[in-house]
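As structure tokens, the structure follows; a few thoughts come after it.
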Amino acid sequence: MNRLGIELPGLKLKNPIMPASGCFGFGREFSQLYDLSKLGAIMIKATTLTSRFGNPTPRVAETSGGMLNAIGLQNPGLKKVMDEELPWLEQYDVPIIANVAGSMTEDYVEVAKQISTAPNVHALELNISCPNVKTGGIAFGTAPEIAKELTSRVKEVSSAPVYVKLSPNVANIVEMAQAVEEGGADGLTMINTLLGMRLDLKTGRPILANKSGGLSGPAIKPVSIRMIYEVSQKVGIPIIGMGGVQTAQDVIEYFYAGASAVAVGTANFVDPFICPSIIDELPSLLDEIGVNHISDLTGRSWKTDDQKAYHRA
Amino acid sequence: MNRLGIELPGLKLKNPIMPASGCFGFGREFSQLYDLSKLGAIMIKATTLTSRFGNPTPRVAETSGGMLNAIGLQNPGLKKVMDEELPWLEQYDVPIIANVAGSMTEDYVEVAKQISTAPNVHALELNISCPNVKTGGIAFGTAPEIAKELTSRVKEVSSAPVYVKLSPNVANIVEMAQAVEEGGADGLTMINTLLGMRLDLKTGRPILANKSGGLSGPAIKPVSIRMIYEVSQKVGIPIIGMGGVQTAQDVIEYFYAGASAVAVGTANFVDPFICPSIIDELPSLLDEIGVNHISDLTGRSWKTDDQKAYHRA
Amino acid sequence: MIKQEKMTITCQREIAASIYELTLEGQLVDQMVEPGQFVHLRVSEGIDPLLRRPISISKIHSDRQAFTMIYRAEGKGTQLLSEKQIGDKVDVLGPLGHGFPIEKNMKGKKALLVGGGIGVPPLYELSHRLLEGDMDVVHVLGFQNESSAFYIDQFSQLGDTYAASVDGTVGTKGFVTNILDQLKFDFDVLYACGPTPMLKALEERFRDKRAYLSLEQRMGCGIGACFACVCAVKDDPEQSAYRKVCSDGPVFPIGEVVL
Amino acid sequence: MIKQEKMTITCQREIAASIYELTLEGQLVDQMVEPGQFVHLRVSEGIDPLLRRPISISKIHSDRQAFTMIYRAEGKGTQLLSEKQIGDKVDVLGPLGHGFPIEKNMKGKKALLVGGGIGVPPLYELSHRLLEGDMDVVHVLGFQNESSAFYIDQFSQLGDTYAASVDGTVGTKGFVTNILDQLKFDFDVLYACGPTPMLKALEERFRDKRAYLSLEQRMGCGIGACFACVCAVKDDPEQSAYRKVCSDGPVFPIGEVVL
Ligand SMILES: Cc1cc2nc3c(=O)[nH]c(=O)nc-3n(C[C@H](O)[C@H](O)[C@H](O)COP(=O)(O)OP(=O)(O)OC[C@H]3O[C@@H](n4cnc5c(N)ncnc54)[C@H](O)[C@@H]3O)c2cc1C
Ligand SMILES: Cc1cc2nc3c(=O)[nH]c(=O)nc-3n(C[C@H](O)[C@H](O)[C@H](O)COP(=O)(O)OP(=O)(O)OC[C@H]3O[C@@H](n4cnc5c(N)ncnc54)[C@H](O)[C@@H]3O)c2cc1C
Ligand SMILES: Cc1cc2nc3c(=O)[nH]c(=O)nc-3n(C[C@H](O)[C@H](O)[C@H](O)COP(=O)(O)O)c2cc1C
Ligand SMILES: Cc1cc2nc3c(=O)[nH]c(=O)nc-3n(C[C@H](O)[C@H](O)[C@H](O)COP(=O)(O)O)c2cc1C
Ligand code: FES
Ligand code: FES
């Protein structure tokens, strides 16, 4: 029996570890380092309707225990992703989760409709942290009604299950999660980056050309764990957790919090072999903890002992 | 001329450095280590109407580049603070900023009214991150209308200028800042802690007895810098910045972002002499940067060169 | 008085599985007065890890301005500490807290010292001090197993010493309480340091005796300013009284605080 | 092929003010082919600092599976690197990117190598390679001042070498362009690495020549996956074409990308 195998809406995963969107491109670079078929899944870079150049550089800045990025969703656009990137990825035995982004609802709908038909795209991940041009740039992911509406519009057209990626920059994450669940989301991925900024000591100006950027890495893990702990008790759909994962122990912590699978972002830059390393280390960690299957750990932080027994049965 | 002296509503500060509330008790412990008169000000521990025992232990947990705390506002209550702690502090030549907390508006009002009359209390700091029992535990600091109302109620009775301490756990920090400014706030302090959690690898349960806690330390600095950058451009009242300050360089970054003074929290635990050390290091850093007075740096990250010239004149 | 000093490592060795004995030299030692006090160590100059680690003082060598600690390398901070070498500096804040009171005029009286695991170290300085006061000392030390046991010989040189281990690989099989229940020592004062279950078991048996327990708690500041390490006072009808483990403790008279 | 290896420090010394020369040994060296490639270094096992640091390969010693880098210890990462000692390990990812192309059949032709500050190091391996191809090499090196200047002697042994410094304490006072404008070298190919203003100045002068410029950019992954280090392509009407400094570069033909 595979102690790491997980089934989620649309996804049969060999193991629960996958690179997070934007930290792995479309897999080409990492394919030179290891066999992508080892991964549970791949969350590819955000795809938008038309190609985007992204923000001016510098696009990244280091912070204490984390980093800021303001890539600006650079990507070759839907057509090229469908024609070149996804077919190339078909050579690997790994399900793709396509990260979908846009500036207005119609963009999301169109990208979702088309990309969800690609044979190896087994699920979508809606990146709702993007600014919504129609509401003056307020992110889709900070207004429950807008996020719900977007989710249901995408659900109508998608041929694959839809996971919604929650933004942590909200006062009430449970409210957001419940709204997108009502909108028909099949799952959640959380969290996207926290908004942050770093200033240059010499010039006084922001280091990032875009001024502010998204904070990722170990620094944000406690925020993500807390949010998943809260949300997983209040929704009936599974959660793919992420934020600062660097070790197999971190993965376990995410399962305890309530995640059913885990994505690794920033750590791929620190150690490009991190995903396969974690996959290799998990079984012995399960032995130490004394569980047979990793999914036995989901929600252990809040489940009563009764509930745990029930779920295991 | 004192290159570090700052004047803010109610406050004449020798220098812009002060310990943050909750990280310095009422000063007694640190008074054994150095002369408290060296400090720009002291933000004393949150004071509530009646004494509070606080949360069960463990109350702190370490995270990557930060720490979580769930002290639970333990304090001896208004009467003891007025009768014992504040009079004791009078031996030092240092203005006190009294951190005021409560479970409902009436608590804040009563504490503010009384504590603001203490001779060495030169300003109040309203801790609006507390859960509001009347709105089902939603923090005062996450609803602009409630925060504004609280601010104006406190302003009515306070004999000292009122600074409102903003919670970062909101989608729109500018909206919150503007609301409390409309409510009559004389200044802002920001930020309070981000909500986070850490789980024990062995038991799977939260390390903190209170489950979740407030994330502080270097990890949160980019979030705080971003918020102060945004808010300082949109309000007319001064900001005391905090979050992860560990060095004199960090203080400069806060000034660049838009702060007019800086508080040091968690770093007091790492290096109990951190506040006087930073104060001693600042002048040579100003030389390096080439400014005469530290207040010349406030808002440099967003001010145009014209604006800078104007302010300096 | 509490001082902060970058002290120099003069000796570091692994004395049992993951258990290290570390000796540090510096003027801060002059401030160390009571057995059972602790120091708060910063093991990294940066933020990884961020917080200090509290470790008990195990032996004070006043003559050569040095002190020894014994610690288990477990998490990130203590692991890093164990990698430091002779000549390296460690940032020490201390001495902190109130230790085991040494009562006057106890000549010829009997002290029972009970330690469990990494609670054993502070008893070592204590035992020396009691001997200096011409007391009789008996040690009962509990460990997980033989490989993690340490200092049994050293304690034996100071007085009768009994060991217990969970798996029976050293001394009696079981806990220190098995030894205590079996041998029913007579004593005038009890001193103990170890895991909370052990302290609770002692409290059950000896709550009416003269006894002192040393507690552990997760700490922030270590000096009494942050209220991280607070414990409740027993028999407090208003449930508002408290003690700080870092500055009021870590040692408390038995029955004073809620374990 | 890109490899990751914990390589061993065989030499580390300060060769100018805050400028260190570091030699690392390991099998990864077998992968190094082109002058101008770089490595991505992890200088801490923990999170402080979190990201890797890109540093150019300055000299490849294939015979003894070693390579040398020269770097300025400035921020947290490079400071930490400079504290490492002989025998310590450094986590190296590399070799990365595309370096300076060595064209065929250039025997007897003249190459002009222009370097500024910490852009000088990759030119050293390059110069050796060009000499191996029997080219004539001329070096023009710019520094802040004498105390931060390095390797002028080493380059002199390979070909004519001119130095400039901002304060005139070494070589000509001013920038490398002062030398270039004064001496008006004749050359068949130009190679340059240094701060962007220097590269821009070269582009102005030599945009029609055969020339290669090595760029710097803040990086995330270093291998082409994160789009952190992107620069725009010149004369691209749709303004959508781009190059990644880490994997398409760091060396680009003059005029290909927007500086
Ligand atoms: C007064 C006092 C005296 C102590 N004396 C000794 C001693 O002599 N020898 C010894 O080996 N240990 C002693 N301890 C326990 C020691 O402090 C912890 O083992 C140590 O802090 C764990 O750090 P880490 O880096 O190994 O673990 P990590 O898991 O990295 O620690 C994470 C955080 O939790 C805290 N923490 C974890 N476990 C404990 C614990 N048991 N008690 C308090 N804080 C904890 C750490 O201080 C740190 O803030 C003492 C504790 C106290 C309170
Ligand atoms: C392809 C390439 C080759 C390089 N070769 C050399 C070399 O041979 N010798 C040398 O001394 N330096 C070289 N640099 C510059 C070197 O990477 C930076 O000086 C170094 O990363 C700064 O790290 P720090 O820890 O000193 O500074 P910090 O201020 O702590 O760095 C913070 C973050 O900013 C990044 N950063 C800061 N400055 C630069 C910069 N100038 N370029 C890219 N990233 C930066 C760091 O990598 C890190 O992510 C090269 C850069 C690139 C892109
Ligand atoms: C350089 C970079 C680019 C990213 N791009 C995207 C993106 O295109 N779409 C998206 O949903 N998230 C993106 N993210 C967010 C990550 O997928 C992830 O949610 C976040 O970084 C937290 O995980 P981590 O701490 O492991 O990096 C990006 C993150 C980084 C660091
Ligand atoms: C142990 C601890 C206790 C705190 N108690 C209070 C408090 O009573 N009132 C308050 O407004 N903020 C409190 N804070 C928040 C700090 O004042 C400060 O806003 C926050 O920690 C961010 O600063 P730092 O990163 O420098 O610690 C507390 C923080 C810590 C770490
Ligand atoms: S650790 Fe701060 S009060 Fe005890
Ligand atoms: S640094 Fe990641 S693409 Fe170049």
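What you see is a predicted model, and the numbers here were worked out from it, not measured in a lab. Hydrogens, waters and symmetry mates are skipped; everything else that's a heavy atom, side chains included, is used. In the text below, chain A, chain B and the rest are named by the order of the sequence lines, each starting its count at 1.
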| Quick one: does A:Val245's side chain get under 4.5 Å of A:Ile17's, heavy atoms only? |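 Counting from C-beta outward, A:Val245 and A:Ile17 never come under 4.5 Å.
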Need one label for [X]: side chain, backbone, both or neither, based on atoms under 4.5 Å from any heavy atom in chain A.
{"X": "D:Leu51", "answer": "both"}
{"X": "D:Met219", "answer": "backbone"}
{"X": "D:Gln239", "answer": "backbone"}
{"X": "D:Ala232", "answer": "both"}
{"X": "D:Arg218", "answer": "both"}

| Which bit of A:Phe53 is near chain D, if near means a heavy-atom gap under 4.5 Å: side chain, backbone, both or neither? |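 Side chain only.
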| request: With a 4.5 angstrom heavy-atom cut-off, could you sort out which part of A:Pro218 is near chain D: side chain, backbone, both or neither? | output: side chain
| Is it the case that more than 12 heavy atoms not belonging to D:His61 sit under 6.0 Å from its NE2 atom? |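 Check passes, neighbour count above 12.
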| message | Quick one: does any side-chain atom of A:Tyr254 pair with a main-chain N or O of A:Met242 as donor and acceptor, under 3.5 Å? | response |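 Indeed, once roles are kept as given, a pair shorter than 3.5 Å links the two residues.
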| query | Does the ring centre of A:Phe30 sit less than 6.0 Å away from the ring centre of A:Phe24? | reply |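 Aromatic pair counts; centres sit under 6.0 Å.
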| Aromatic contact, D:Phe100 with D:Tyr212 (centres under 6.0 Å) |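 When the ring centroids of D:Phe100 and D:Tyr212 are compared, they turn out to be at least 6.0 Å apart.
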| said: I'd like to know if D:Lys89 and D:Glu25 make a salt bridge, using a cut-off of under 4.0 Å between side-chain N and carboxylate O. | reply: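 No salt bridge links D:Lys89 with D:Glu25.
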